[in-house]
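One-based numbering, in listed order, for ligands and for the atoms of each.
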Amino acid sequence: MSNASDIHRSHRVGWLRAAVLGANDGIVSIAGLMVGVTAAGADHRTVLVTGVAGTVAAAMSMAAGEYVSVQSQADTERADLATERRQLREAPHRELEELAGIYRRRGLDPALAGQVAAQLTAHDALAAHARDELGLSETLRARPLQAALASAAAFLVGAALPIVAALLSPPARVEALVWASTVIGLLLSGALAAHAGGAPVLRGALRVGFWGVLAMAAASLIGRLFDVSV
Ligand SMILES: [Zn+2]
């Protein structure tokens with residue numbers, strides 16, 4: 001039983017990590033975009049429009065990319081299952097022996113491996129082959145739409161941080177406030193991800209903060225190169 005709850009815990013951490021990564025992506029890329037155009041001399045309104053347009057475009061692009069990637073994974077799984085179903089129909093004895101071989105390689109003695117293979121085949125042959133031969137399980141079964149919505153939503157949550165900061169800040173302070181909110185947001189999300197994964201919190205926070213600051217500094221530098229107001 002303790003084994004099963006460990007697996008659940010690591011699934012949850014994986015899901016949370018993906019959400020935090022998507023949110024960081026939203027924070028860093030949109031804050032970088034806004035800091036870049038601010039450094040290039042753009043006015044308050046242009047900075048906000050850039051942030052919102054960039055957010056919509058990037059969130060949709062992430063959702064589409066995720067959908068296509070998970071969908072093609074689902075297509076591969078479906079094709080694998082179809083092959084398996086055909087083999088079970090055309091060569092049931094070979095498939096039974098294949099399954100027994102898998103259990104022997106995992107450490108069962110030949111008699112027990114044969115028994116397990118026979119019982120699982122009688123119970124649900126396709127499920128046994130999907131799980132033990134192909135490594136597919138119900139929880140791993142790809143869900144393209146869900147994955148697409150989740151990654152877009154995580155990105156939107158992250159991107160909202162620099163946009164709201166810019167919206168609330170006086171026009172002359174946009175760059176400073178976007179910087180500050182981004183650094184704070186990244187430190188918090190880095191700490192959260194580290195805490196959820198059981199890793200050292202401070203190190204996780206600083207690592208995420210460091211790369212975010214580097215990306216923002218690069219965007220700001222590029223903006224300054226294009227500064228039209230000097
Ligand atoms: Zn098989």
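Looking at heavy atoms from C-beta onward, Glu66 lies out of side-chain contact with Leu149 at the 4.5 angstrom threshold. The shortest side-chain heavy-atom distance between Thr182 and Leu161 does not fall under the 4.5 Å cut-off. You'll find the side chain of Trp179 reaches within 4.5 Å of the side chain of Val213, heavy atoms only.
The tally of protein N/O/S atoms under 2.8 Å from the Zn ion (ligand 1) stands at 5.
Residues satisfying the side-chain hydrogen bond (donor to acceptor under 3.5 Å, both in side chains) criterion with Arg86, sequence neighbours excluded, are absent altogether.
Using modelled atom types, one side-chain atom of Ser181 and one backbone atom of Leu177 make a donor-acceptor pair closer than 3.5 Å.
The shortest non-hydrogen separation linking Pro144 to Gln71 is CG-OE1, 3.6 Å.
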